[in-house]
Structures are given as C-alpha cells and as structure tokens.
Trainee: 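A single structure is presented below for examination.
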Amino acid sequence: MGQGIAIEPDEGLVKSPVNGKVVMAYQTGHAIGLKSEQGAEVLIHIGMDTVNLNGEGFKVLVTEGAHVNIGDPLVEVDWQLVKEHGYKVTTPVIVTNVMEYKEIKPTATGHVKTGDEILELN
C-alpha cells in the first residue's frame, strides 16, 4: 500500500491512498471502500458521524467498480460545512482485512498530504 490518503482542506478533496478499485461508494459521500492492487481492503470514513449530514457537503466523484490511482480525487468535501454542523473532520483510513497481514505499521499520524506514506503492510 505505502502511500497516504490526501485530505486537502484548501481543495476540499479526499484522494485515493492506493492504486486499486472502488468497491463501495456511499451515496452520502461519508465513506469509500477500496481494494488495492496488492489486496489491501481500505475503508476511508470522512469525518466523524458525518453520515448524519445525509450527503450535505459531500460530492462523490467515483463510482463502484472504477479503477483509481494514488492521488485520484474520490470525494469533494465542504469541510467548513462539516465543521459548522459540529462534526470533526478527522478521517480514519482503516485496513479491514487485517488478518491477512503479519504486521501493520503506522508510518504517519495527524494531517497527511498526497504522497505521504501512512501504513506499511507486511
């Protein structure tokens, strides 16, 4: 996997951390599921409790089944609107098939940019 998710507040974009396939794209835009070319299953949950916004402030830019590359935009987010509604913008990137790996080592925390490595999977 190796490359990190990008959250670009100025652009309002959440970008792909992997080369792979979109396996799930919620209509509300609050979450995207990806499967990397190496087999890692990745869930990106955009903000905390943002499902309650029912899609307001989110524009999904990909469809299920689409191929994406590292850095491709997945969802456009109005971060200001999310904050105004009292939700946190913290965006977890979760490997959901962890049992397939001997070790998952975080390599970054906090705010990351396009191209930042966030996890090492072995």
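Hydrogens, waters and symmetry mates play no part in the numbers below; they use all other heavy atoms, side chains included.
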Trainee: Is it the case that one hydrophobic cluster holds both L119 and I94, taking links as side-chain heavy atoms less than 4.5 Å apart, direct or via other members?
Mentor: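 No, because L119 and I94 fall into different hydrophobic clusters, even though each may have its own neighbours under 4.5 Å.
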Trainee: For V23 and K35, work out which heavy atoms get closest and say how close.
Mentor: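 It is CG1-CB, 4.0 Å.
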Trainee: Tell me whether L121 is reachable from V42 by hopping between hydrophobic residues (I, L, V, M, F, W, Y) whose side-chain heavy atoms are closer than 4.5 Å.
Mentor: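 Result: yes, single cluster for both.
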Trainee: Among I46, I44, V60, L61, find the one that has a side-chain contact (heavy atoms from CB on, under 4.5 Å) with L74.
Mentor: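 Filter result, single survivor: I44.
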Trainee: Quick check on the hydrophobic clustering: are L43 and V68 connected, directly or via other members, by side-chain heavy-atom contacts under 4.5 Å?
Mentor: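 In one cluster: no.
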Trainee: Start with the C-alpha gap between H45 and T50, add the side-chain angles, then the distance that decides, and say whether side-chain contact (heavy atoms from CB on, under 4.5 Å) holds.
Mentor: CA-CA 9 Å; H45 195 284; T50 52; 4.0 Å; yes
Trainee: Treating N97 as the side-chain partner and E41 as the backbone partner, does any N or O pair qualify as donor plus acceptor under 3.5 Å?
Mentor: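 Looks like yes, one N/O pair under 3.5 Å.
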Trainee: Does OH in Y26 sit with more than 12 non-hydrogen atoms of other residues, nucleotides or ligands closer than 6.0 Å?
Mentor: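 No, because the 6.0 Å sphere around OH of Y26 holds 12 heavy atoms or fewer from other groups.
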Trainee: How long is the gap from CD on E120 to NZ on K105, to the nearest 0.5 Å?
Mentor: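 Those atoms lie 5.5 Å apart.
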Trainee: T28 and F58: which non-hydrogen atoms are nearest, and at how many Å?
Mentor: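 It is O-CB, 3.3 Å.
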Trainee: Does atom CD of Q27 have more than 12 heavy-atom neighbours, drawn from other residues, nucleotides or ligands, at distances under 6.0 Å?
Mentor: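 For Q27, atom CD is not crowded (no more than 12 foreign heavy atoms under 6.0 Å).
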Trainee: Quick one: pull up CD in Q38 and CD in E100 and give me the separation to the nearest 0.5 Å.
Mentor: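 Taking CD in Q38 and CD in E100, the distance rounds to 13.0 Å.
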Trainee: Rounded at 0.5 Å granularity, tell me how far CG in N69 sits from CD in E37.
Mentor: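 One finds 7.0 Å between CG of N69 and CD of E37.
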Trainee: Starting at NE2 of H30, measure out to CG of D49 and round the result to the nearest 0.5 Å.
Mentor: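 Rounded to the nearest 0.5 Å, the NE2-CG separation comes to 9.5 Å.
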Trainee: Ring-plane angle category for H85 and Y87, please: parallel below 30°, perpendicular beyond 60°, tilted otherwise.
Mentor: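 Ring orientation of H85 relative to Y87: parallel.
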Trainee: Give a yes or no on whether V14 and L81 share a hydrophobic cluster (residues Ile, Leu, Val, Met, Phe, Trp, Tyr; joining criterion: side-chain heavy atoms under 4.5 Å apart).
Mentor: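 Linked within one cluster.
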Trainee: Of all the heavy-atom pairs spanning P17 and I70, show the shortest one and how long it is.
Mentor: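 Residues P17 and I70, closest heavy atoms: O-CG1, 3.7 Å.
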Trainee: How far apart are the closest heavy atoms of A108 and E117, and which atoms are they?
Mentor: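 Shortest heavy-atom contact: CB-O, 3.3 Å.
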Trainee: Would a single hydrophobic cluster contain both L34 and V62, if residues Ile, Leu, Val, Met, Phe, Trp and Tyr are joined by side-chain heavy-atom contacts under 4.5 Å?
Mentor: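 The answer is yes; both residues are in one hydrophobic cluster.
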Trainee: If you round to the nearest 0.5 Å, how far is NZ of K21 from CD of E64?
Mentor: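 Going from the CD atom of E64 to the NZ atom of K21 covers 9.5 Å.
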